[in-house]
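Remember, it's 1-based here, ligands and their atoms both numbered in the order they're listed.
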Amino acid sequence: MPFKSLSLLALALTFVSVPALAQTAPPVAETLFKNVRVFDGTHGGLSAPTNVLVRGNKIADMGTSAKSASATIIDGGGRTLMPGLIDNHVHIFMGANTQSDMMDPKATPEVLHGRATEEAKQMLLRGFTAVRDLGGPVFDLKRSIDQGKTLGPRIYPSGAMISQTSGHGDSRLPSERSRRFGGEVSKGELLGISFIADGRDEVLAATRENLRAGASQIKVMAGGGAASAYDPLDVAQYTLDEITAAVQAADDWGTYVTVHAYTPKAVRRAVQAGVKSIEHGQLLDEATIKLLGEKGIWLSLQALDEAPPTQTADVIAKKHQVVEGTDNAFKWAKKYKVKLAWGTDFLFNPANNKNQNADILKIKKWMTSADVLKLVTYDNAQLLALSGPRNPYAGKLGIVETGALADLLLVDGDPITNLDLVADPEKNFKVIMKDGRVYKNTL
Ligand SMILES: [Zn+2]
């Protein structure tokens with residue numbers, strides 16, 4: 001090809017490519033919240049009336065002079081702008097289905113996942129813009145939400161819960177034999193709810209399988225549970241060597257292990273193995289909670305309810321013990337400055353999911369309203385960020401400041417003087433924004 005034709009071709013390409021580029025890069029969307037009082041997630045009060053400008057998925061500017069000629073304007077009318085709520089302990093799949101739903105041979109995975117998809121949407125509309133899913137098959141749901149194909153919060157998934165044989169994630173019926181001893185692979189494993197893994201090798205493989213699928217952190221069952229039928233609450237689960245294996249595999253991927261555990265024995269073993277976060281811990285003694293404070297280990301607490309009367313007497317008794325221990329756990333955690341996180345851990349009771357917001361109010365027993373709001377936004381976000389390079393959402397959550405991700409709620413009133421406002425999201429959350437996009441606006 002002669003030189004002239006080459007340069008003509010280059011020229012033609014230039015002309016072709018410029019408009020093509022312009023088409024693929026539309027102007028970045030902007031939203032200006034005018035006349036809002038900000039609860040920023042960290043300070044125990046509201047700002048003076050101000051403006052907050054969101055550009056793309058981040059907060060671009062704040063202050064009375066913040067403005068933009070091209071922004072969509074939301075006139076806050078002096079209402080409160082605060083970070084989206086974060087629930088650090090959910091099981092979207094198991095919260096959307098009952099135990100009998102999951103055991104029902106007629107319930108196809110499509111039906112079960114359909115309910116989880118709907119539940120994720122409801123969570124976002126309750127103002128929960130990010131959740132940590134601590135066990136269950138949610139990788140596909142997370143992907144669909146992130147791609148904008150369905151509605152829901154940001155999900156920090158753990159994948160399948162890792163449990164020893166006879167552990168809290170071993171949900172086989174009493175008649176079912178272990179797959180190692182003539183049995184079949186259990187339903188919980190087939191659905192992706194749990195891995196029943198014994199010994200260092202299997203724990204390593206289970207951890208790596210979750211990481212491969214996109215887990216942001218790893219969930220290991222290190223002790224008995226209240227909601228399960230066959231593992232007593234007082235038992236420790238997994239040897240030090242097995243928990244250490246999970247910690248090492250997670251650490252190689254730059255992330256952490258959190259364990260389900262209630263008792264001092266189970267928690268101390270987990271701490272020795274290098275676990276960074278404890279779920280529950282309501283049966284801990286003062287010395288073990290002090291140890292968590294000294295070592296900077298997170299305690300992810302729930303203000304759990306008594307078991308419903310429909311449960312077996314054994315489950316009701318176990319749950320009661322846990323509810324009693326909750327009071328001490330919150331008090332000692334405060335006393336020893338333990339890094340505290342919060343979550344609901346709703347399970348198998350879809351009718352109760354609408355109480356996700358009301359659950360926040362229970363913490364008023366141990367904290368001021370401002371501290372409760374900080375816990376369910378900023379503090380919870382710090383635990384999400386512990387996933388380091390496996391954090392699926394680059395940027396800051398749980399805070400309203402320039403540069404942070406734009407997950408925001410416009411609340412009709414002042415939730416610091418009246419925390420009860422957060423319990424009725426349908427009425428009081430006038431605007432719900434996640435990642436810079438408005439999902440609800442009833443102004
Ligand atoms: Zn749980």
>> Any N/O/S atom from H280 (main chain or side chain) under 2.8 Å of the Zn ion (ligand 1)?
In response: no
>> For the CE atom of M82 and the CG atom of D414, what is their distance to the nearest 0.5 Å?
In response: 10.5 Å
>> I'd like to know if the side chain of T258 and the backbone of S277 have a donor-acceptor N/O pair within less than 3.5 Å.
In response: yes
> If you look at D345, which of its N/O/S atoms is nearest to the Zn ion (ligand 1)?
Replying inline: OD1
> Backbone or side chain, does E279 get an N/O/S atom under 2.8 Å to the Zn ion (ligand 1)?
Replying inline: no
>> Taking the six-membered ring of Y156 as reference, does the cationic atom of R132 (NZ for Lys, CZ for Arg) lie under 6.0 Å from its centre and within 45° of its axis?
In response: no
>> Around atom CD of E401, are there more than 12 heavy atoms from other residues, nucleotides or ligands closer than 6.0 Å?
In response: yes
>> the Zn ion (ligand 1) and H260: any N/O/S contact shorter than 2.8 Å?
In response: no
